[in-house]
There are 2 protein chains.
Amino acid sequence: MTGTPLSRSEAKDLTRRRLIRAAFAILDEEGEAGLTTVKVARAAGIAQSSFYVHFKDRQDLLRALGDQAGERLRATMREARRRAHETPDDGERHRDTFRIPLEAIRRHPELFRIGLRARHDPSSPLQDFAVESSAAYRAHLAADLAAMGFPTGTERDRRRLEMIADGINALTNAMAVGHLEGRYPDLEEVVDVLVAFSKGYLWLLRPPRRPLSETE
Amino acid sequence: MTGTPLSRSEAKDLTRRRLIRAAFAILDEEGEAGLTTVKVARAAGIAQSSFYVHFKDRQDLLRALGDQAGERLRATMREARRRAHETPDDGERHRDTFRIPLEAIRRHPELFRIGLRARHDPSSPLQDFAVESSAAYRAHLAADLAAMGFPTGTERDRRRLEMIADGINALTNAMAVGHLEGRYPDLEEVVDVLVAFSKGYLWLLRPPRRPLSETE
DNA sequence: AATTTCACCGATAGTACTATCGGTGAAAAA
DNA sequence: TTTTTCACCGATAGTACTATCGGTGAAATT
């Protein structure tokens, strides 16, 4: 029943991980307002004052949460790139573009919800992290689109690309929220809709009607 | 310099409106966590204890804020319907579908930001209001799409319609955020992108290729 | 075996906020 | 004019949380 006897540092590390896990759960269920040292410590099974053995203060915990969330996010993006590279370049790869982020969100819904919330909350110490993450994701998508042949010559071109990337991100998030709330149970239906929307911006890619002969 | 001498009830009403205005500003700038009776009262120029002359408790203030936000939202939707009805049914009407909500958001950015934030915050007393509002808007868009000829026969058809409506809403919100953050200064460029995305789902509308002669 | 380290504990000082209470003066009612 | 009403005030009790402190025992070190 009782496992291996743990060394002191192992036990401390375990407690720290329990605290972080508890903090994520509370943040997800009750929001920023519910995240107190009292609740986190109790959920992790230690005294409130012992919280300070592991974190300098409340802010320090938030920083650790941001770090961990960032690490998972980066791992997810690496994984997505890897899988996209493996998929054959037919219709299925295009669907994968949407399916992979959705599956990543489903794997860590609490991280997704926390990020979504922090993104627009000026009182959240995680806001900077969320804003940077979404900007990074936007840039990542915009680069992919540029690689597909979207024009990036003018400032206006680049802005439009960023808007499209922003839109794809927003669409994906909205569908993910609907899926997590149970409104869209079937992920393949979700991917169908995202593919439908994508036909719109892909239309911008089609060969220019004017073969660059006019004066301007 | 000093205006008309106010009657007692007029003065009280003015103070109440000052409190609500201050509450919206604080909510927008500092988030839910910053909204305390101390700050609201000070911003409105009265003593903290006098807050309770106007509101039963903190919760009561939030309720009042939700009521007022709901009223403005409904007014905006009525206005949008009216204007859409007036616009000639050419390409411009289609652009108006996107332009009108964007302009409404620009008119009350603080309400928009507060709603966006509350939508995913379980600790926010405004969450219910935000969730209901977005569901109402989704239904409103879905009805418009059905009127345009999208199929609604099967459960799956209706779910797809809701997903598209959800997507349009998410796109509009994301573009509005970018505009308010200064990334997309030109609203016409924003409308261009929304129109591009819309070509995608409108493609689903096109006449069925099979004229219903086959066995199935 | 003797000593040191340290993760955890209970107690508590300090801080910020909510909500109530009795008092006050000017507006409103009599 | 006299009386009543009430929006606002300062003071304060009560609550919830943050962060610190000295103490304890078992693990780790010597």
Side-chain angles (χ1 to χ4, degrees), chain A residues 2-27 29-66 121-126, chain B residues 2-27 29-66 121-126:
Chain A
T2 42
T4 326
L6 299 172
S7 82
R8 190 127 76 151
S9 67
E10 282 170 337
K12 180 174 184 181
D13 215 62
L14 178 62
T15 304
R16 185 190 161 92
R17 271 182 280 124
R18 278 203 189 112
L19 283 166
I20 288 181
R21 175 187 296 259
F24 272 126
I26 292 171
L27 215 46
E29 287 158 26
E30 307 180 41
E32 192 87 38
L35 194 77
T36 68
T37 59
V38 178
K39 282 185 191 164
V40 175
R42 185 171 47 218
I46 62 170
Q48 183 265 340
S49 61
S50 300
F51 172 90
Y52 293 89
V53 171
H54 301 273
F55 301 100
K56 188 186 154 291
D57 53 21
R58 194 176 170 280
Q59 195 65 20
D60 192 34
L61 168 65
L62 270 310
R63 198 189 45 68
L65 296 182
D121 186 354
S123 74
S124 170
L126 291 176
Chain B
T2 42
T4 325
L6 299 173
S7 82
R8 192 128 72 152
S9 67
E10 283 170 334
K12 180 174 183 179
D13 215 62
L14 179 62
T15 303
R16 185 190 160 92
R17 270 182 282 121
R18 278 204 189 111
L19 284 166
I20 289 181
R21 174 186 298 258
F24 272 127
I26 292 170
L27 215 47
E29 288 159 25
E30 306 182 40
E32 191 88 38
L35 193 78
T36 68
T37 59
V38 178
K39 282 185 191 165
V40 175
R42 184 171 49 216
I46 62 170
Q48 183 266 340
S49 60
S50 300
F51 172 90
Y52 294 89
V53 172
H54 301 273
F55 300 99
K56 188 184 153 292
D57 53 22
R58 195 175 170 280
Q59 196 65 19
D60 192 34
L61 167 66
L62 270 309
R63 201 189 42 69
L65 296 182
D121 187 355
S123 75
S124 170
L126 292 176

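Lettering follows sequence order; numbering is per chain, from 1. Since this is a predicted model, take the numbers as computed values, not measurements.
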Q. Does any donor atom in the side chain of B/S123 or A/E30 lie under 3.5 Å from an acceptor atom in the other side chain?
A. no
Q.
Are the side chains of B/L35 and B/L61 in contact, using a 4.5 Å heavy-atom criterion?
A. yes
Q) From the 5' end of DNA chain C to its 3' end, which nucleotides mark the outer limits of contact with chain A, defined by a 4.0 Å heavy-atom distance cut-off (strictly under)? A) C/dT5 to C/dA11
Q | pair B/T37-B/F55: side-chain heavy atoms closer than 4.5 Å | A | no
**Q.** All side-chain hydrogen bond (donor to acceptor under 3.5 Å, both in side chains) counterparts of A/E29, not counting sequence neighbours
**A.** none
**Q.** Complementary nucleotide for D/dG22 - Watson-Crick or wobble, under 3.5 Å
**A.** C/dC9
(Q) Measuring only between side-chain heavy atoms, which start at C-beta, is A/T36 closer than 4.5 Å to A/R58? (A) no
Q: Could you pull out the closest heavy-atom pair between B/L27 and B/E32, with the gap in Å?
A: CD1-CA, 3.8 Å
Q) In residues 10-26 of chain A, which ones come under 4.0 Å of DNA chain D, going by heavy atoms? A) none
Q: Heavy atoms only: give me the nearest A/Y52-A/Q48 pair and the separation to one decimal.
A: CE1-NE2, 3.8 Å
Q: Please work out which residues in residues 48-59 of chain B have a non-hydrogen atom less than 4.0 Å from an atom of DNA chain D and list them by number.
A: B/S49, B/S50, B/V53, B/H54
(Q) If the condition is side-chain hydrogen bond (donor to acceptor under 3.5 Å, both in side chains), which residues does A/D57 pass it with, not counting sequence neighbours? (A) none
Throw together a table of side-chain donor-acceptor distances under 3.5 angstrom for residues 14-24 of chain B, partners on residues two or more places apart or in other chains.
from	atom 1	to	atom 2	distance (Å)
B/T15	OG1	B/A11	O	3.0
B/R16	NH1	B/H54	O	3.4

Q: Select from B/R8 and B/V38 the residue whose nearest nucleotide in DNA chain C is closer to the 5' end of that strand.
A: B/V38
Q. Where the side chain of B/R63 meets the backbone of B/P125, is there a donor-acceptor pair that is under 3.5 Å apart?
A. no
